**Student:** 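Supplied in structure tokens, the structure appears directly below.
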Amino acid sequence: MCRVAVVTGANKGIGFYVAQQLLPTVSVVVLACRDVSKGEAAARELGSDKIRVEELDISDSESIRKFAKRQTRVDVLVNNAAMAFKAADPTPFVAQAGPTLKTNFFGTVELTEALKPVLTEDARIVNVASLTGRLAQVSPERQEQFKNVPDLGSLEDLVREFQADVEAGCHLSKGWGNSNYGFSKLAVIAYTKLLARTGFKANCCCPGFCRTDMSSHQGTRTAEEGARNAVMLALPDCDLNGAYIRDEAVAEW
Ligand code: NAP
């Protein structure tokens with residue numbers, strides 16, 4: 001049987017090692033990268049004839065549409081690609097909300113929804129989230145909204161409400177937290193749990209604080225170690241659903 005895994009943002013960091021660790025378990029690993037030349041360099045380093053490099057920018061709807069159209073079968077989808085503004089970035093907090101949510105939440109959702117028609121019956125969806133996506137960053141009332149979100153439209157409305165409140169400068173008084181990145185990951189975790197409640201095998205993880213470009217190589221573990229959290233959720237024998245994993249064990253959201 002030809003099992004196909006798609007890993008977004010697989011040209012470097014945690015995604016590269018997710019792809020490497022998935023290689024023995026599937027027939028094809030698609031390195032879905034916004035810069036194909038970086039994907040091809042990663043493919044050379046991985047040195048396997050099971051690799052396929054494909055262009056995908058998850059912040060671009062047209063790129064997502066074209067990518068999804070080319071896929072005929074997906075057994076494993078690892079939504080790893082994401083962005084984070086550096087602490088020293090001069091972009092104001094209000095201006096960081098839109099791009100952060102567009103890539104990390106809306107891009108992840110758009111790609112997953114576009115691939116639903118080609119997901120196999122037993123397909124595994126793995127969303128790479130973060131400890132910073134903890135539920136406690138929002139007020140108790142907001143927490144209930146996310147825990148019980150009835151459908152994707154309602155979740156997207158909540159995310160748009162956060163963005164509007166950040167842009168209006170009233171997000172703290174409206175019960176939101178003070179991190180665009182953390183909130184984007186909270187929303188990804190909520191989406192994972194919604195997928196699991198609606199017939200899909202979906203789990204998410206925090207890879208831990210890993211030494212990658214995103215962390216300016218300040219992490220406490222290697223990307224290779226962090227990748228294991230996503231990989232365990234991608235394996236056919238994983239019987240978890242709607243779980244959030246940290247340090248390779250089920251953790252509290
Ligand atoms: P990284 O080294 O910066 O790699 C991020 C990857 O995502 C790169 O391949 C990047 O492509 C890709 N990417 C970014 N925006 C994209 C877009 N619009 N479309 C397609 N690909 C895009 O980061 P990392 O540390 O490996 O992070 C991987 C995942 O782990 C992310 O979801 C991150 O939030 C999560 N995470 C990381 C840590 C940590 O300590 N590192 C902790 C918790 C969670 P380019 O090379 O083209 O930029």
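Since the structure is predicted, the reported quantities are computational estimates derived from the model, not experimental observations.
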**Student:** Could you tell me whether E252 atom CD has more than 12 heavy atoms of other residues or ligands within 6.0 Å of it?
**Tutor:**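 No, not enclosed.
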
**Student:** Is N80 reaching over with its side chain to a backbone N or O of V7, donor-acceptor style, under 3.5 angstrom?
**Tutor:**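 No: the side chain of N80 does not pair with the backbone of V7.
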
**Student:** Taking atom OG of S63 and atom CG of L111, what is their separation to the nearest 0.5 Å?
**Tutor:**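 The distance works out to 9.0 Å.
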
**Student:** Would you tabulate the side-chain donor-acceptor contacts of residues 232-239 under 3.5 Å, counting partners in other chains and residues two or more places apart, or write 'none'?
**Tutor:**
none

**Student:** Of all the heavy-atom pairs spanning C210 and I14, show the shortest one and how long it is.
**Tutor:** SG-CD1, 3.9 Å

**Student:** Closest approach of A81 and G9, non-hydrogen atoms and distance?
**Tutor:**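 Smallest interatomic distance, heavy atoms only, reads CB-N, 3.7 Å.
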
**Student:** Heavy atoms, side chains only, cut-off 4.5 Å: are K116 and L195 in contact?
**Tutor:**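 Answer yes - side chains close enough.
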
**Student:** Less than 6.0 angstrom separating the ring centers of Y244 and W253, yes or no?
**Tutor:** no

**Student:** Check this for me: does any side-chain nitrogen of one of D122 and K201 sit under 4.0 Å from a carboxylate oxygen of the other?
**Tutor:** yes

**Student:** Apply the test side-chain hydrogen bond (donor to acceptor under 3.5 Å, both in side chains) to residues E40 and S37: give CA-CA distance (whole Å), side-chain angles for both, the deciding distance (0.1 Å), then the verdict.
**Tutor:** CA-CA 5 Å; E40 281 164 355; S37 66; over 6 Å; no

**Student:** Taking the side chain as every heavy atom from C-beta outward, state whether Q137 and L186 have any pair of such atoms under 4.5 Å apart.
**Tutor:** yes

**Student:** Which pairs with one or both residues in residues 133-146 pass salt bridge (Lys or Arg N to Asp or Glu O under 4.0 Å), sequence neighbours excluded?
**Tutor:** R142-E161, E144-K147

**Student:** D165: which residues meet the salt bridge (Lys or Arg N to Asp or Glu O under 4.0 Å) condition with it, sequence neighbours left out?
**Tutor:** K174

**Student:** Side chains of Q20 and E45: donor-acceptor distance under 3.5 Å anywhere?
**Tutor:** no

**Student:** With salt bridge (charged side-chain N to carboxylate O under 4.0 Å, His left out) as the criterion, how do D247 and R221 come out once you've worked through the C-alpha distance, each side chain's angles and the decisive distance to 0.1 Å?
**Tutor:** CA-CA 11 Å; D247 297 329; R221 62 176 60 154; 2.5 Å; yes

**Student:** Side chains of V74 and T120: closer than 4.5 Å at any heavy-atom pair?
**Tutor:**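 The answer is no; the side chains never approach within 4.5 Å.
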
**Student:** Identify the two heavy atoms, one from A42 and one from L31, that lie closest to each other, and give their separation to 0.1 Å.
**Tutor:**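 Shortest heavy-atom contact: CB-CD1, 4.2 Å.
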
**Student:** State, yes or no, whether a side-chain contact exists between V6 and V78 at a heavy-atom distance under 4.5 Å.
**Tutor:** no

**Student:** In this structure, which one of S184, S130, S59 forms a side chain to side chain donor-acceptor pair (under 3.5 Å) with N104?
**Tutor:**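 With N104 as partner, side chain to side chain donor-acceptor pair (under 3.5 Å) holds for just one option, S184.
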
**Student:** So L152 and V109, do their side chains get closer than 4.5 Å, heavy atoms only?
**Tutor:** yes

**Student:** Given side chain to side chain contact (heavy atoms under 4.5 Å, CB included), test N180 with F85 step by step and report yes or no.
**Tutor:** CA-CA 9 Å; N180 291 311; F85 284 91; over 6 Å; no

**Student:** Can you tell me how far the CZ atom of F105 sits from the CD atom of Q163, to the nearest 0.5 Å?
**Tutor:**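 Nearest 0.5 Å value for the CZ-CD distance: 11.5 Å.
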
**Student:** Might you work through the side chain to side chain contact (heavy atoms under 4.5 Å, CB included) test for Q96 and Y181, ending with a clear yes or no?
**Tutor:** CA-CA 9 Å; Q96 293 186 8; Y181 175 80; over 6 Å; no

**Student:** Among the clusters formed by ILVMFWY side chains lying less than 4.5 Å apart, do I51 and F67 turn up in the same one?
**Tutor:** no

**Student:** Output yes when E55 and R34 qualify as a salt bridge under the 4.0 Å nitrogen-oxygen rule, no when they do not.
**Tutor:**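 Answer for the salt bridge query: no.
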
**Student:** Could you verify whether a donor N or O on one side chain and an acceptor N or O on the other, from E225 and T222, lie under 3.5 Å apart?
**Tutor:** yes

**Student:** Flag the pair C33 / D35 as yes when at least one side-chain heavy-atom distance between them is below 4.5 Å, and no otherwise.
**Tutor:**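 Side-chain contact under 4.5 Å: no.
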
**Student:** Centres of the F146 and F183 rings: under 6.0 Å?
**Tutor:**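 Yes.
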
**Student:** With K86, which residues qualify under salt bridge (Lys or Arg N to Asp or Glu O under 4.0 Å), at least two apart?
**Tutor:**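 K86 satisfies salt bridge (Lys or Arg N to Asp or Glu O under 4.0 Å) with no other residue.
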
**Student:** Quick one: are L56 and I58 in side-chain contact, heavy atoms under 4.5 Å?
**Tutor:** yes

**Student:** Are Y191 and E113 linked by a side-chain donor-acceptor pair shorter than 3.5 Å?
**Tutor:** yes

**Student:** Are F106 and V166 co-members of a hydrophobic cluster defined by side-chain heavy atoms under 4.5 Å apart?
**Tutor:** yes

**Student:** Examine distances only and state if a side-chain atom of D75 and a backbone atom of V4 form a donor-acceptor pair shorter than 3.5 Å.
**Tutor:**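 Here the side-chain-to-backbone pair exists.
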
**Student:** Taking L194 as the starting point, is it possible to reach V159 by hopping between hydrophobic residues whose side chains are less than 4.5 Å apart?
**Tutor:**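 Per the 4.5 Å side-chain linkage, V159 and L194 are co-clustered.
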
**Student:** Where is the tightest heavy-atom contact between G107 and I64, given as atom of each residue plus distance?
**Tutor:** O-CD1, 3.9 Å

**Student:** Quick one: closest heavy-atom pair of A19 and A10, and the distance?
**Tutor:** CB-CB, 4.4 Å

**Student:** Under 4.5 Å between side-chain heavy atoms, hopping through other hydrophobics if needed: is there a path connecting V76 to F200?
**Tutor:** no

**Student:** Could you walk me through whether I125 and T192 pass the side chain to side chain contact (heavy atoms under 4.5 Å, CB included) check?
**Tutor:** CA-CA 8 Å; I125 301 170; T192 311; over 6 Å; no

**Student:** So, R3 side chain and T25 main chain: donor-acceptor pair closer than 3.5 Å or not?
**Tutor:**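 Judged by distance alone, yes, a pair lies under 3.5 Å.
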
**Student:** Kindly give the heavy-atom pair with the smallest separation between A196 and N241, and that separation in Å.
**Tutor:** CB-OD1, 3.4 Å

**Student:** Please report the interatomic distance CG(N148) to NZ(K193), rounded to the nearest 0.5 Å.
**Tutor:** 12.0 Å

**Student:** Would you find a donor on one side and an acceptor on the other, under 3.5 Å apart, between the side chain of N229 and the backbone of G226?
**Tutor:**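 Looks like yes, one N/O pair under 3.5 Å.
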
**Student:** Assess, by modelled atom type and distance only, whether the side chains of S154 and D151 contain a donor and an acceptor separated by less than 3.5 Å.
**Tutor:** yes

**Student:** Quick one: CZ on F162 to CG on L101, what's the gap to the nearest 0.5 Å?
**Tutor:**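 CG of L101 is found 6.0 Å from CZ of F162.
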
**Student:** Any luck finding a side-chain donor-acceptor pair between T8 and N79 under 3.5 Å?
**Tutor:**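 Note: T8 and N79 side chains miss the donor-acceptor criterion.
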
**Student:** Output all residues satisfying salt bridge (Lys or Arg N to Asp or Glu O under 4.0 Å) with K12, sequence neighbours left out; order by chain, then residue number.
**Tutor:**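 If we apply the salt bridge (Lys or Arg N to Asp or Glu O under 4.0 Å) test to K12, skipping adjacent residues, the hits are D213.
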
**Student:** Mind checking salt bridge (Lys or Arg N to Asp or Glu O under 4.0 Å) for K38 and listing every partner two or more places apart, or none if nothing turns up?
**Tutor:** none

**Student:** First locate atom OG of S27, then atom CZ of R52, and finally report the distance between them rounded to the nearest 0.5 Å.
**Tutor:** 11.0 Å

**Student:** Report the distance from atom OG1 of T100 to atom CZ of F93, rounding to the nearest 0.5 Å.
**Tutor:**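 Atom-to-atom, T100:OG1 and F93:CZ are 8.5 Å apart.
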
**Student:** Any side-chain heavy-atom pair from V126 and L77 closer than 4.5 angstrom?
**Tutor:** no

**Student:** Hydrophobic cluster membership, with links at side-chain heavy-atom distances under 4.5 Å among I/L/V/M/F/W/Y: are I189 and L131 in one?
**Tutor:**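 Same hydrophobic cluster.
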
**Student:** Determine, step by step, whether L22 and K50 satisfy the side chain to side chain contact (heavy atoms under 4.5 Å, CB included) criterion, reporting the C-alpha distance in whole Å, the side-chain angles of both residues, the deciding distance to 0.1 Å, and the verdict.
**Tutor:** CA-CA 10 Å; L22 282 177; K50 291 183 180 179; over 6 Å; no

